[in-house]
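Heads up, the thing below is written out as C-alpha cells.
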Amino acid sequence: MANAPTKPTTPVKKESSSASGMFASLTIPICIVVAICIFVFILGDPSNFKGGDVVNGYPANIYGTIHKGGVIVPLIMSFLLMVIVFSIERFVVIGKASGTGSVDAFVRKITGLLNAGNIAGASAECDKQKGSVANVIKSALKKYGEMEAEPNLDVDQKTLAIQKDIEEATALEMPMLEQNLTIIATLVSIGTLTGLLGTVVGMIGAFSSLATAGVPNQVELSSHISEALINTAFGISTSAISIIMYNVFTSKIDKLTYAIDETGFSIVQTFAASHKSNR
C-alpha cells in the first residue's frame with residue numbers, strides 16, 4: 001500500500017523570520033537610547049525646573065516632575081517605547097496576514113465555492129485575498145488538485161494527505177504571526193517589577209533623609225516620595241498597555257487560526273464527500 005505524501009506545498013518563510021529577528025535586535029537598543037535622550041535632554045531641560053537647577057531645583061512642570069523620578073525612569077520609558085513599537089509592528093504584520101479583505105467574508109466565499117465544487121474559483125479568491133489564511137487555503141487547494149490526479153492512493157489516504165498539508169502549511173505561517181509577542185508578554189512582568197524597584201529605591205531615599213536629619217527636610221522627603229510614585233505609575237502603565245496589546249494580538253491570531261481551521265475542514269469534507277460518493 002502506498003503511503004500518503006506529507007510534503008507541504010507552502011515554502012518555509014525563512015526571510016520573514018530573519019527580518020523579524022533583525023527588527024527585534026535593533027529595536028530594543030534603539031528604544032533604550034531614545035528613552036535616555038528623552039530623559040536627559042527633554043525631561044532634564046533646565047526650563048523644567050524653578051531657577052534652572054536640575055539637580056536641586058523644584059520641578060516647574062510635569063516634565064520636571066517625571067525627571068525627578070530618577071535613573072530608573074528612562075529604563076521604564078524604554079520598555080514603554082518597546083511596547084509601542086512592537087505593537088505597531090504586530091499590527092502591520094497581522095494586518096498583512098489577514099489579507100486585503102475581511103477574513104470572515106473570505107471564509108464564506110471559499111465555503112460557498114467549495115460547496116458548489118468550484119475549486120478553481122476558490123483558488124482565484126485566494127489570489128485576490130492574499131495573506132496567511134489565503135496562503136494556507138491555496139496550498140490545501142493545490143494539494144486537493146494533486147490528490148485528484150493521484151492514482152495510487154485511496155480516498156482516505158488522499159483525505160489524510162490534504163489534512164496534513166493544511167496542518168503543515170499552518171505551522172509554517174503561524175510562527176510569523178506570533179514572533180515578538182514573547183517580548184510584549186515579557187514586558188508585562190518587567191514593567192511592573194522595574195516600577196516596583198523604582199518605588200523601593202524612592203522609599204529608601206525618603207526614609208534615609210528622615211534618619212539623617214534632626215528635622216525632616218520637606219523638599220528632599222517629597223522628592224523621594226515623588227520618585228517612588230512616578231516609577232510606580234510608569235511601571236503600572238507599561239504593564240497595563242502590554243497586557244492590552246498582548247490580548248489584542250492573541251485574539252487576532254486566534255481568529256485567523258479559526259478561519260484556517262474552518263476552511264480547511266470544509267476542503268477536507270468536500271473532497272471526502274465528492275470522491276466517496278463517486279466510488
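Source: prediction; values computed, not measured.
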Spatial distance of atom [atom1] ([X]) from atom [atom2] ([Y]) [nearest 0.5 Å]:
X	Y	atom1	atom2	result
Ile32	Cys37	CD1	SG	12.0 Å
Asp261	Ile166	CG	CD1	9.0 Å
Ile88	Ile84	CD1	CD1	7.0 Å
Met174	Thr257	CE	OG1	4.5 Å
Met82	Ile183	CE	CD1	8.5 Å
Ser251	Ile94	OG	CD1	9.5 Å

- Item | CA sep, side-chain torsions, deciding dist, call: Ser102, Asp104, side-chain hydrogen bond (donor to acceptor under 3.5 Å, both in side chains) | CA-CA 5 Å; Ser102 169; Asp104 293 335; 4.8 Å; no

- Any chance you could lay out the side chain to side chain contact (heavy atoms under 4.5 Å, CB included) test for Thr65 and Ser226, step after step, and finish with the verdict? CA-CA 8 Å; Thr65 302; Ser226 176; 4.0 Å; yes

Can you tell me if [X] uses its side chain to pair, donor with acceptor, with the backbone of [Y] under 3.5 Å?
X	Y	answer
Arg90	Leu177	yes
Ser189	Ala185	no
Gln129	Gly101	yes
Asn247	Ser242	no
Ser25	Met22	yes
Glu148	Gly145	no
Ser139	Asn135	no
Thr199	Ala228	yes
Lys138	Ser123	no
Asn231	Gly69	yes

Note, [X] side chain near [Y] side chain (heavy atom, < 4.5 Å):
X	Y	result
Ile253	Glu178	yes
Leu113	Glu125	yes
Ser266	Ile110	no
Ile236	Thr192	no
Ile184	Asn180	no
Val200	Ile204	yes

Is it possible for you to say whether [X] and [Y] belong to one hydrophobic cluster, with membership spreading through side-chain heavy-atom contacts below 4.5 Å?
X	Y	answer
Val34	Val40	yes
Val33	Phe41	no
Leu181	Phe79	yes
Ile42	Ile36	yes
Ile30	Ile190	yes

- Query: Do the ring planes of Tyr144 and Phe271 sit parallel (below 30°), tilted (30 to 60°) or perpendicular (above 60°)?
  - Reply: perpendicular

Can you see which heavy atom on [X] is nearest to which on [Y], and at what distance?
X	Y	result
Ala161	Lys143	O-CG, 4.1 Å
Lys68	Pro59	CG-CG, 3.6 Å
Pro74	Ala35	O-CB, 3.2 Å
Lys158	Glu150	NZ-O, 2.7 Å
Cys126	Ile137	SG-CG2, 3.7 Å
Leu43	Met77	CD1-SD, 3.9 Å

- Please step through side chain to side chain contact (heavy atoms under 4.5 Å, CB included) for the pair Phe91 and Phe249, ending with a clear verdict. CA-CA 8 Å; Phe91 269 119; Phe249 296 132; 3.8 Å; yes

- Item | Atom OH of Tyr246 with >12 non-hydrogen neighbours under 6.0 angstrom | no

- Query: If you count the non-hydrogen atoms of other residues, nucleotides and ligands that lie under 6.0 Å from OH in Tyr63, is the total more than 12?
  - Reply: no

- Item | Lys/Arg N to Asp/Glu carboxylate O, Glu167 vs Lys164, below 4.0 Å | no

- Task: Start with the C-alpha distance between Val85 and Phe23, add both sets of side-chain angles, then the distance that settles side chain to side chain contact (heavy atoms under 4.5 Å, CB included), and finish with yes or no.
- Result: CA-CA 10 Å; Val85 173; Phe23 177 83; 3.7 Å; yes

- Task: Given side-chain hydrogen bond (donor to acceptor under 3.5 Å, both in side chains), test Asn115 with Thr270 step by step and report yes or no.
- Result: CA-CA 7 Å; Asn115 292 334; Thr270 299; 4.6 Å; no

- Message: Using the rule given for side chain to side chain contact (heavy atoms under 4.5 Å, CB included), can you reason through Leu80 versus Ser237, listing the C-alpha separation, both sets of side-chain angles and the distance that settles it, and then say yes or no?
- Response: CA-CA 8 Å; Leu80 183 58; Ser237 299; 5.7 Å; no

